[in-house]
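Taking it in order: structure first as structure tokens, then the write-up.
Hydrogens, waters and symmetry mates are skipped; everything else that's a heavy atom, side chains included, is used.
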Amino acid sequence: MATTKFAIAPMKAAQIPKAGADFQIVEREIPKPDAGQVLIKVQACGVCHSDVLTKEGAWPGIQYPRVPGHEVAGVIDELGAGVSGWKKGQRVGVGWHGGQDNTCRSCRRGDFRNCRNLKIPGISYDGGYQQYMVAPVEALAAIPESLSDVEAAPLLCAGITTYNALRHSGALPGDLVAVQGIGGLGHLAIQFANKFGHNVAAIGRGSENAVLAKQLGASAYIDSKSTKAAEALQKLGGAQVILATAPSSKAMSELIDGLAPNGKLMVIGATFDPIEVTPIQLISGSRTIQGWAAGTPADSEDTLHFAELSGVRPMIETYPLDKAAEAYTRMMSGNAQFRVVLTM
């Protein structure tokens, strides 16, 4: 049986000792990368709502203790045997897609995003809530020099998810694209949609987000608290795409009638409640509903380069690693503006 190799110097990590337990700040030995892996000196790691899967044990098969974190920005500190194409000191990121098996049917067809045995940092192996982490080489994305670590980290999950969903949505420049939710995902989606040349309608609850939505690039703001958002979208001509970022199935269901003919509801806000839609709503106007999840490291690089080119940036709040529990609580509160990032 292969044994895990360790170096001498200790590092700090924020781990979950068991499902549902509080964070522990512990000292660990710095791990050594095996063949096909790299050791990353973590500079920043985003705190994502999906980290609740690790915190609460909601993903089957998680082994504890486990270090969460799948929005990792850092530099390569050491290369494992057989690793080529990367070098020590190179800036890299690791997102939700933390490796694939390369043998399942999806991988054999080149659809690595839908690998049947997808590896996820912070779930399949220890993630970025620590000063050093090991990752398989196929999980790496190169980070452009002009993006800071704290800017790049959220782009490796929230960024790639919104960017990739929009660019595969079928919407063309000039089309009306509605973004439901102005939060960690939504504030990036509005920026990307604007830079793609879409006519952007932002949908939020309450009038307080109207000014920010316009600053981010929306040409219209719809307050779903005071008006029926679907009717408001139809008055604008109907949305070719509605990007649903806020995890509220009820809010998503209420928007379907706001789609234009051949319009599409793109779902990226993760929730377990069912979306309610009648067959006639889909048949009338040939409407569709599609889910979308993140993307591969190559997609991450596309996201980072587009952000670099266009000026899209996440709005962030930073916390030191020692305050990982506080950072997580802030993220879960829904009051963060808008992405929470741990710094090392």
Side-chain angles (χ1 to χ4, degrees), residues 4 13-26 28 31 33-34 36-40 42 44-74 92-104 106-107 111-141 153-161 164 184-185 247 268-272 291-297 299-300 321 324-325 327-328 331-332 339-342:
T4 303
Q15 70 176 21
I16 303 297
K18 62 181 180 179
D22 293 332
F23 282 93
Q24 294 178 338
I25 304 298
V26 298
R28 292 182 170 189
D34 287 329
Q37 298 178 334
V38 301
L39 176 67
I40 300 171
V42 179
C45 183
V47 179
C48 180
H49 190 272
S50 296
D51 293 338
V52 73
L53 299 173
T54 303
K55 177 72 167 58
E56 303 302 329
W59 192 280
I62 296 180
Q63 296 181 359
Y64 293 92
R66 179 61 78 222
V67 176
H70 59 269
E71 296 182 357
V72 185
V92 294
V94 179
W96 178 263
H97 188 107
Q100 66 273 351
D101 64 14
N102 292 312
T103 60
C104 72
S106 293
C107 284
D111 186 12
F112 302 118
R113 190 173 62 90
N114 289 310
C115 173
R116 294 296 180 90
N117 298 294
L118 179 69
K119 296 176 184 176
I120 304 167
I123 294 178
S124 308
Y125 54 87
D126 286 335
Y129 287 29
Q130 55 183 339
Q131 292 174 315
Y132 290 85
M133 69 170 282
V134 168
V137 68
E138 66 266 23
L140 302 181
L155 292 173
L156 293 163
C157 182
I160 182 181
T161 301
N164 226 13
L185 290 167
I268 60 175
T271 179
F272 293 99
W292 194 272
T296 66
D299 295 321
S300 288
L321 178 62
Y328 179 85
M331 176 277 297
M332 290 296 292
R339 302 299 293 187
V340 176
V341 180
L342 295 175

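Partners of R28 under the side chain to side chain donor-acceptor pair (under 3.5 Å) rule, at least two apart in sequence or in another chain, are Q15, D126. Partners of C157 under the side chain to side chain contact (heavy atoms under 4.5 Å, CB included) rule, at least two apart in sequence or in another chain, are C48, H70, E71.
In this structure, P154 and V341 approach most closely via the heavy-atom pair CG-CG2, 3.7 Å. Among all heavy-atom pairs drawn from P247 and A270, the shortest one is CB-O, 3.2 Å. Minimum heavy-atom separation, A135 to V94: CB-CG2, 4.1 Å. Closest of all the heavy-atom pairs between H97 and A139 is O-CB, 3.9 Å. Among all heavy-atom pairs drawn from E56 and G20, the shortest one is OE1-CA, 3.5 Å. Contact detail for Y125 and P136: the closest heavy-atom pair is OH-CD, 3.4 Å.
Atoms CG and CG, from D34 and L39 in turn, are 11.0 Å apart once rounded to the nearest 0.5 Å. Distance CD1/I16 to CD1/I62: 10.0 Å, rounded to 0.5 Å. Interatomic distance, L185 CG to I268 CD1, rounded to the nearest 0.5 Å: 5.0 Å. Distance CG/N102 to SG/C115: 7.5 Å, rounded to 0.5 Å. Atom NE2 of H49 and atom CE of M332 lie 4.0 Å apart (nearest 0.5 Å). Atom OG of S50 is separated from atom CD1 of I123 by 7.5 Å, given to the nearest 0.5 angstrom.
When side chains are defined from C-beta on, L156 does not count as touching V72, because their heavy atoms never get closer than 4.5 Å. T103 is not listed as a side-chain neighbour of N117, based on a closest heavy-atom distance of 4.5 Å or more. Between Y132 and V42 the shortest side-chain heavy-atom distance does not fall below 4.5 Å. Side-chain contact check for W96 versus I160: every heavy-atom pair is 4.5 Å or farther apart. You'll find the side chain of V52 reaches within 4.5 Å of the side chain of Y328, heavy atoms only.
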* Asked: Under the side-chain contact (heavy atoms from CB on, under 4.5 Å) criterion, do D51 and Y129 qualify, and how do the steps go?
  -> CA-CA 11 Å; D51 293 338; Y129 287 29; 2.6 Å; yes
* To do: Test side-chain contact (heavy atoms from CB on, under 4.5 Å) on I40 and L140 and set out the steps.
  => CA-CA 10 Å; I40 300 171; L140 302 181; 3.9 Å; yes
* To do: Begin from the C-alpha positions of V92 and V38 and carry the test side-chain contact (heavy atoms from CB on, under 4.5 Å) through to its verdict.
  => CA-CA 10 Å; V92 294; V38 301; 5.6 Å; no
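A side chain to side chain contact (heavy atoms under 4.5 Å, CB included) with F112 is found for one member of T296, L118, D101, D299 and no other, namely T296.
Checking side-chain atoms of K55 against main-chain N and O of A21 turns up a donor-acceptor pair under 3.5 Å. When atom types are taken as modelled, the side chain of R113 and the backbone of A293 share a donor-acceptor pair closer than 3.5 angstrom. Side chain of W292 to main chain of A294: a donor-acceptor pair is present (N/O by atom type, distance under 3.5 Å, no hydrogens or angles). Counting only distance, with no hydrogens or angles, the side chain of T54 and the backbone of G122 share a donor-acceptor pair below 3.5 Å.
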